[in-house]
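Throughout, a chain's letter reflects where its sequence line sits, starting with A, and its residues are numbered from 1.
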Amino acid sequence: MSEEIKALNFIEHIIEEDLANGLPKEKLRFRFPPEPNGYLHIGHTKAIGISFGLGEKYNAPVNLRFDDTNPAKEEQEYVDAIKKDIAWLGYKWENELYSSDYFQKLYDWAVLMIKDGKAYVDSQSSEVMAEQKGTPTQVGTNSPYRDRSVEENLELFEGMKAGKFPAGTHLLRAKIDMEDPNMLMRDPIMYRIMYAHHHRTGDDWCIYPMYDWTHGESDYLEQISHSLCSLEFKPHRKLYDWFKDNVYEYSKENYPLAPKQLEFARLNLSYTIMSKRKLLRLVEEGVVSGWDDPRMPTISGLRRRGYTPNSIRKFIEKVGVAKRENVIDVSLLEFCIREDLNKTANRVMAVLDPVKVVITNYPKDKEEWLEAENNQEDDSAGFRKVPFSREIYIEREDFKEEAGNKFFRLKLGGEVRLKNAYIIKANEVRKDQNGDILEIQCTYDEDTSKKVKGTLHWVSVKHAITAEIREYDRLFNDEAPDSHGEKDFMEFINPNSLTVKTGYLEPSLAEAKVGEQFQFQRLGYFNVDDDSTPEKLVFNKTVGLRDSWSKQKPKPQNNQNQNKPNPQQQKRSAISVIQQFGKKYTKFPEEKQLKAKAEIQVLAKDVSYDDLEPLFGTAVKKAGTRIVVLIALKELLKNGLEKNEAITEFIEKAKEDKNDILVAEASDI
RNA sequence: UGGCCUAUGGUGUAACUGGCUAACACAUCGGUUUUUGGUACCGAAGAGUCUAGGUUCGAAACCUAGUAGGCCAACCA
């Protein structure tokens, strides 16, 4: 067995450590706890991937728990959608559970805490309480109700539960510390009165527990070993532990394991927003057609767009897990879907911007059904027949009357291969009065063994079927649309994120079923949209192929600000170039050092003493930088710079260094 | 006038517990192959690990002090 040393992420390190410290492997248990108040998006996929991934790695159960403690926001519709999405991604949960299942247990514990003087009923308005809470930099003050007797608290809390009080009149709070630097510890609310119908418990309850009181205790009841959540819950950990420690005292016989909360950085994708609230706005304001619009970063949107479960899981795996803020480039997601579809999607031919080619030496009524390979990456994919005839469409941008020899496609007098068919030569162009090309007249050659540089996709005019083709661009023009405090993210919407056109497809596609995926050769991956019917086919472009040709030609305009100059490379001052040399200098072979030195001497003309001076303090270990500074300094001295104390000191220090090159340069003054 | 967290190439993640030339992937740029300017393969470039001190024979890792960014004041989760 070859031991593959796979780097562990910090969560796995902690788990390994816990196992090493005696936690039995069978005790490992995880959970994914969504609130059923919206659709899952690619950001959630990270959390899903981490918890379920850990489950798979350690062969441990993972619960799906709906955190449904706020009936005002939650609905069964979302429960169903969430289950569907997770199952689609291919993860299996051990138990489907609900926080609302624990309402009674939570209530019983709360009563125990009241009896122990660890919780009390407060009866103030939210405004007054907010004031007493203080600010992050200012301590809070105690509520006047903080010292109610246990009996009174018990009676009031029971009254709350019994529905004796209107909403907003009383609350149950934990009695912790109003002066704690962590705001969450300043007597947090455990229960509020809410007369709302709950999607599962109906009208059984009129008091509902808050997140902090519910979440950790649900973990505890389920005996979750490691409770993973995103970084913004870090400050909650202290409270999580406080509740947990108290409850543990009441129930350690039945529930011996105390869960541990660990936090990781959430996923951010460039050119994308990830907040449920903001995504909702896109839906409500009609920017997109719904939660499953193929441009949406929701799981349902990605699914409709043609992303596969495999590709998304791969993506999450590649993204990794850590604690620092991150922005992942969408190109990584695109890489993952291409990699997957390349292996699985059958190749077909489709022309989306047609221009007609007439093959003048091909008989008018002749047609041939030529054999085409479905997928050269998959031996089992087999072959199909595609019809060839005298008139075909090719892509408009695949023809130029004149072009340089870097243009491998069709040009007048030039030859090109038609994929799966013959080699043609363009002889003549027919145009209309406006100069637009009507048709290209070609002759074909049956000898296909010839070597030609380019191969084009095509479709027979007579046999082509049409379909609606929907092409997508990113929804936003900005890399981080919701990170501009003053500006609303809606200002960055890309007005051209959807393009609809008619495509001409090879006839085999007439049978295509909703959800089926293809590679339109040389164009990209496409799938059959939900809107598609046998009468009217509709395709979505999932992602384009990598295209190293289009990168070479200057794009007339694009709204993807790819041309944004790299700010660091833009202002490369002489001094920064010199510093760059410094980083490498000691590693250079001698020859290269001489070259670098000469260049630095030239660059030094554009360097002032003020540029150089701060570098005199460079750390001793960075010999390269000091050498390079020294070389530049010598040039300045040569050009009349006066020696001062700082300079002398720098040189003297260099002479005593252990680096020989540095010493040599320094002695040479 | 606070508490907590974070800082490694353009991006993300590694470097086991202080020890080889700071690794892998994406992106970028070359090249080979190719009936997809795709795929595959080969290669290049790009980081002295935020700064300054310190500990050590040896620091990305440990210590101190800065700096920068993030999170924390909903009867939301």
Heavy atoms under 4.0 Å, any strand shown: does A:Val321 hit a base, just sugar-phosphate, or nothing? sugar-phosphate

Are A:Tyr211 and A:His236 close enough that their ring centres sit under 6.0 Å apart? yes

Side-chain N or O of A:Arg192 versus OP1/OP2 of B:A77: is the shortest distance under 4.0 Å? yes

Distance, C1' atom - from B:A40 to B:A77, rounded to whole angstrom: 47 Å

Select base, sugar-phosphate, or nothing to describe what A:Arg237 touches, counting heavy atoms under 4.0 Å on all strands. nothing

What is the nucleic acid contact for A:Glu373, judged by heavy atoms within less than 4.0 Å: base, sugar-phosphate only, or nothing? nothing

Look through every strand shown and name the nucleotide pairing with B:C75 as Watson-Crick or G-U wobble, where both distances are under 3.5 Å. none

Closest of B:C72, B:A27, B:C4 to the A:Ser331 side chain is B:A27

Counting side-chain heavy atoms from C-beta on, which of B:G37, B:C71, B:A77 comes nearest to A:Pro235? B:C71

For A:Lys314, is the NZ atom crowded, meaning more than 12 foreign heavy atoms sit under 6.0 Å from it? no

Pairwise P distance for B:A60 and B:A7, with rounding to whole Å: 15 Å

When the P atoms of B:C50 and B:A59 are considered, how many whole Å apart are they? 15 Å

Should B:U56 form a Watson-Crick or G-U wobble pair with both distances under 3.5 Å, which nucleotide is its partner? none

Rounded distance in Å - CG (A:Asn37) to C1' (B:C76): 9 Å

Given B:G12, B:C71, B:A77, identify the nucleotide with an atom nearest to the side chain of A:Asn326. B:G12

What nucleic acid atoms does A:His236 come within less than 4.0 Å of, heavy atoms only: base, sugar-phosphate, or nothing? base

Euclidean distance, atom OH of residue A:Tyr208 to atom C1' of B:C75 [Å, nearest integer]: 14 Å

Looking at the side chain of A:Thr135, which of B:U34, B:A73, B:A14 is the nearest nucleotide? B:A73

Given B:C5, B:U36, B:A77, which nucleotide is nearest the side-chain atoms of A:Asn70? B:A77

Considering only B:A77, B:C75, B:C5, which nucleotide approaches the side chain of A:Ser126 most closely? B:C75

Looking at B:A40, which nucleotide sits across from it as a Watson-Crick or G-U wobble partner, both distances under 3.5 angstrom, or is there none? B:U32

In Watson-Crick or G-U wobble terms, both distances under 3.5 Å, what is the partner of B:G18? none

Specify the separation, in whole Å, of atom NZ of A:Lys276 and atom P of B:A74. 20 Å

Measure the distance from CD on A:Glu339 to P on B:C41 and round it to the nearest whole Å. 10 Å

Does a nitrogen or oxygen in the side chain of A:Thr214 sit under 4.0 Å from OP1 or OP2 of B:A77? no

A:Tyr444 six-ring centre to A:Lys425 NZ/CZ under 6.0 Å and within 45° of normal: no

For A:Cys442 and A:Val357 the tightest heavy-atom approach is SG-CG1, 3.6 Å

Using 4.0 Å as the upper bound for N to carboxylate O, is an ion pair formed by A:Lys73 and A:Glu35? no

Of A:Ser125 and A:Val319, whose closest RNA chain B nucleotide lies nearer the 5' terminus? A:Val319

Presence of donor-acceptor pair under 3.5 Å, side chain of A:Gln519 and base of B:U36: yes

Distance check, C1' atoms only: B:C72 and B:U49, in whole angstrom units. 29 Å

Over how many whole Å does the gap from A:Asn21 atom CG to B:U17 atom P extend? 13 Å

Could you check whether A:Gln124 gets within reach of a base, just the sugar-phosphate, or nothing at all, counting any heavy atom under 4.0 Å? base

Could you please name the option among B:U35, B:A77, B:A25 that lies closest to any side-chain atom of A:Lys318? B:A25

Which listed nucleotide (B:U34, B:C71, B:A14) is nearest to the side chain of A:Asn9? B:A14

Is there, by distance only and without an angle test, a donor paired with an acceptor across the side chain of A:Arg409 and the base of B:G37 below 3.5 Å? yes

Expressed as a whole number of Å, how far does the P atom of B:A22 sit from that of B:G46? 13 Å

Which of A:Tyr191, A:Tyr102, A:Trp213, A:Phe103 passes ring-ring contact (aromatic ring centres under 6.0 Å, His included) with A:Tyr208? Answer is A:Phe103

When the C1' atoms of B:G9 and B:A14 are compared, how many Å lie between them, rounded to an integer? 14 Å

What nucleotide, of B:C26, B:G38, B:A77, holds the atom closest to the side chain of A:Phe335? B:C26

Would A:Tyr211 count as stacking on B:A77 if stacking means ring centres less than 5.5 angstrom apart and planes tilted under 30 degrees? no

Quiz question: going by heavy-atom distance under 3.5 Å, is there a donor-acceptor pair between the base of B:G38 and the side chain of A:Glu377? yes

Any strand, both distances under 3.5 Å, Watson-Crick or G-U wobble: B:U11 pairs with B:A25

Between A:Lys260 and A:Asp18, does any NZ, NE, NH1 or NH2 come within less than 4.0 Å of an OD or OE carboxylate oxygen? yes

Is it true that A:Asp122 and A:His170 share a donor-acceptor pair across their side chains at a distance under 3.5 Å? no

May I ask you to say what A:Glu325 touches in the nucleic acid, namely base, sugar-phosphate or nothing, with a heavy-atom cut-off under 4.0 Å? sugar-phosphate

Quick one: A:Phe243 CZ to B:A77 P, roughly how many Å, whole number? 12 Å

Please report, rounded to the nearest Å, how far the P atom of B:C5 is from the CD atom of A:Glu263. 10 Å

Both A:Gly168 and A:Lys453 contact RNA chain B. Which one's nearest nucleotide lies toward the 5' end? A:Lys453

Assign A:Ala130 to base, sugar-phosphate, or nothing according to its heavy-atom contacts below 4.0 angstrom with the strands shown. nothing

With rounding to whole Å, what would you report as the distance between B:G58 and B:G66 at their C1' atoms? 26 Å

Provide the distance between the two C1' atoms, one in B:G12 and one in B:A27, to the nearest whole Å. 11 Å

With heavy atoms under 4.0 Å as the rule, sort A:Met194 into base, sugar-phosphate or nothing. nothing

May I ask you to say what A:Val327 touches in the nucleic acid, namely base, sugar-phosphate or nothing, with a heavy-atom cut-off under 4.0 Å? sugar-phosphate

What's the CZ-P distance between A:Phe520 and B:G38, to the nearest Å? 20 Å

For the residue pair A:Lys161 and A:Trp205, would you count it as a cation-pi contact if the rule is NZ or CZ under 6.0 angstrom from the ring centre and within 45 degrees of the ring axis? yes

Remember a base hit wins even if backbone is also touched, and classify A:Lys323 as base, sugar-phosphate or nothing at under 4.0 Å, heavy atoms. sugar-phosphate

Select base, sugar-phosphate, or nothing to describe what A:Leu332 touches, counting heavy atoms under 4.0 Å on all strands. sugar-phosphate

Closest to the A:Arg417 side chain: B:G3, B:C76, B:U35? B:U35

Looking at every strand, decide which applies to A:Thr69 at a 4.0 Å heavy-atom threshold: base, sugar-phosphate, or nothing. sugar-phosphate

Heavy-atom nearest pair, A:Asn326 first then A:Asn268, reads O-ND2, 2.9 Å

What does A:Phe407 touch in the nucleic acid at a heavy-atom separation under 4.0 angstrom: a base, only the sugar-phosphate, or nothing? base

